[in-house]
Amino acid sequence: MSVTLPKPIRVFVTGAGGRTGKLVFNKLKSRSEQFSVKGLVRRQEQKQELGDKDVYVGDISQPNTLQEAMQESDKLVIVTSAVPKMKQKPAEGQRPEMYFEEGGMPETVDWLGQKTQIDLAKEAGVKQIVIVGSMGGTDENHMLNSIGNGKILIWKRKAEQYLIDSGVPYTIIHAGGLLDKTGGQRELTVGKNDEFLKLKVRSIPRDDVAEVVVQSLLLEDAVNKGFDLASKEEGQGSVTKDFKALFEQTRSGL
């Protein structure tokens with residue numbers, strides 16, 4: 001007797017060319033029995049770096065570059081973000097002066113760009129949208145908002161609330177400070193409303209953030225939840241392996 005295996009979940013990852021987005025894309029790609037993945041990048045060289053025929057070159061401000069992949073997707077992962085650039089190398093002991101390129105301001109990328117993605121996903125009948133965001137959104141005076149006068153966390157939070165109000169099932173992850181370190185080596189922690197900002201350690205490896213994204217696409221306990229995500233220092237606590245238990249600690253809303 002033949003056994004009918006469940007069809008892989010079709011996932012569209014936007015921002016797949018970034019450091020975190022690339023990890024999300026590759027994790028999903030490596031689990032082909034569970035996922036069929038497409039990615040969106042901004043530049044041709046990013047597509048070549050990922051080396052995959054299912055990577056599109058497009059612009060989140062231009063809906064026509066997203067529609068084909070969105071129509072063929074069950075779930076959407078948004079890892080797009082405005083990225084500041086340094087004007088010039090600062091003097092020793094000074095903070096660098098940062099700016100956003102034309103067309104790359106947080107209002108354009110993190111608000112209007114995410115809104116476009118959410119609207120297209122809703123029209124296409126996408127069943128879940130996962131946003132990878134940042135801690136600090138409850139504080140309008142947070143340092144990140146001053147970078148390039150971009151108010152990046154304010155615009156991110158506006159898009160996240162728009163997603164909640166859209167009625168599309170959501171998972172919103174507010175990651176702590178991102179570390180380029182090996183994942184799967186730490187105890188992960190979840191919180192709410194930037195409570196972790198009071199702690200000395202509130203960072204997390206990018207790879208662990210990517211794994212939480214993957215698990216949130218599989219587990220119902222992550223749906224319609226918004227949470228802050230950090231980790232304990234390596235060697236402290238127990239390495240997180242039960243993601244269902246982790247998500248059971250989270251709540252709805254921002």
Side-chain angles (χ1 to χ4, degrees), residues 14-15 18-21 24 60 77-87 90 93-101 104-115 117-118 129-166 170-181 186-206 208-210 212-213 216 222 224-233 236 246-247 249-254:
T14 60
R19 285 185 288 174
T20 305
V24 173
I60 59 172
V77 179
I78 299 176
V79 205
T80 53
S81 179
V83 179
K85 296 186 178 298
M86 187 166 58
K87 283 189 175 181
Q94 299 294 314
R95 282 188 174 182
E97 188 176 355
M98 309 295 287
Y99 75 101
F100 293 95
E101 292 181 329
M105 288 292 289
E107 182 179 3
T108 302
V109 177
D110 295 288
W111 162 231
L112 297 175
Q114 288 196 23
K115 179 179 181 295
Q117 294 177 71
I118 293 164
I129 299 176
V130 179
I131 289 182
V132 179
S134 303
M135 282 189 211
T138 62
D139 180 9
E140 291 188 3
N141 297 314
H142 193 283
M143 179 272 294
L144 292 178
N145 286 325
S146 67
I147 294 176
N149 197 32
K151 300 181 176 61
I152 188 167
L153 297 181
I154 292 173
W155 294 116
K156 283 181 181 292
R157 200 163 181 86
K158 184 171 183 177
E160 292 163 1
Q161 187 61 57
Y162 184 81
L163 170 57
I164 292 173
D165 294 340
S166 75
Y170 66 88
T171 304
I172 298 169
I173 302 168
H174 297 130
L178 295 169
L179 305 171
D180 292 315
K181 294 188 175 182
R186 301 174 181 230
E187 180 175 334
L188 306 184
T189 54
V190 290
K192 200 79 169 173
N193 294 322
D194 290 332
E195 60 188 4
F196 287 160
L197 294 183
K198 302 171 186 176
L199 304 178
K200 183 179 179 181
V201 177
R202 51 182 183 270
S203 54
I204 182 169
R206 291 179 190 274
D208 283 324
V209 175
V212 169
V213 170
S216 73
N224 291 331
K225 302 285 189 68
F227 52 90
D228 300 340
L229 179 67
S231 68
K232 295 184 178 180
E233 291 185 337
Q236 294 185 358
L246 183 74
F247 293 141
Q249 302 173 51
T250 62
R251 306 195 307 274
S252 63
L254 288 178

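- Nearest heavy atom pair, residue Arg206 against residue Thr20, reads NH1-OG1, 2.8 Å.
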Residues Thr250, Lys192; criterion side chain to side chain donor-acceptor pair (under 3.5 Å); working and verdict: CA-CA 8 Å; Thr250 62; Lys192 200 79 169 173; over 6 Å; no
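- In this structure, Glu160 and Gly133 approach most closely via the heavy-atom pair OE2-CA, 4.1 Å.
- Considering every non-hydrogen atom in both Ser231 and Ile204, the closest pair reads OG-CA, 3.6 Å.
- Panel note: side chain Asp139, backbone Asn141; a donor-acceptor pair is recorded below 3.5 Å.
- In this structure, Met135 and Phe196 approach most closely via the heavy-atom pair CE-CD1, 3.6 Å.
- For Asn145 (side chain) and Glu140 (main-chain N/O), a donor-acceptor pair under 3.5 Å exists by modelled atom type.
- Contact annotation: the side chain of His142 approaches that of Leu144 to within less than 4.5 Å [non-hydrogen atoms, C-beta and beyond].
- Residue Arg186 comes nearest to Lys181 through the heavy atom pair NH2-CD, 3.7 Å, listed as atom of the first residue, atom of the second, then distance.
- Between Ile164 and Ile172, the closest side-chain pair of non-hydrogen atoms falls below 4.5 Å.
- Using a 4.5 Å heavy-atom threshold, the side chains of Lys85 and Phe100 count as separate.
- Note that CD1 of Ile173 is 10.0 Å distant from CD1 of Ile131, once rounded to the nearest 0.5 Å.
- Side-chain contact between Val212 and Phe227 is present, with at least one heavy-atom pair separated by less than 4.5 Å.
- Considering CG of Leu153 and NZ of Lys158, their distance stands at 15.0 Å, rounded to 0.5 Å.
- A distance-only check finds a donor-acceptor pair linking the side chain of Arg202 to the backbone of Leu199 [under 3.5 Å].
- Minimum interatomic distance between Phe247 and Lys225 (heavy atoms only, all atoms of both residues): O-NZ, 3.2 Å.
- Atoms OH and CD1, from Tyr170 and Ile78 in turn, are 14.5 Å apart once rounded to the nearest 0.5 Å.
- You'll find the side chain of Tyr99 stays beyond 4.5 Å of the side chain of Pro84, heavy atoms only.
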Ile152 vs Ile147, side chain to side chain contact (heavy atoms under 4.5 Å, CB included): CA-CA, chis, key distance, verdict: CA-CA 8 Å; Ile152 188 167; Ile147 294 176; over 6 Å; no
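- Annotation for Gln249: atom CD counts as buried by contact number, over 12 foreign heavy atoms lying within 6.0 Å.
- Expressed to the nearest 0.5 Å, how far CD1 of Ile118 lies from CG of Leu163 amounts to 4.5 Å.
- Pro106 is not listed as a side-chain neighbour of Val109, based on a closest heavy-atom distance of 4.5 Å or more.
- Here the CG-OG1 distance, from Asp228 to Thr138, works out to 8.0 Å after rounding to the nearest 0.5 Å.
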Step-by-step side chain to side chain donor-acceptor pair (under 3.5 Å) determination, Gln117 to Thr80: CA-CA 10 Å; Gln117 294 177 71; Thr80 53; 3.3 Å; yes
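- Within the 4.5 Å cutoff, the side chain of Lys156 has no heavy atoms near those of the His174 side chain.
- We find the OG-CG distance between Ser216 and Leu229 to be 10.5 Å, quoted to the nearest 0.5 Å.
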Check against side chain to side chain contact (heavy atoms under 4.5 Å, CB included), Ser81 and Asp110: CA-CA 6 Å; Ser81 179; Asp110 295 288; 3.7 Å; yes
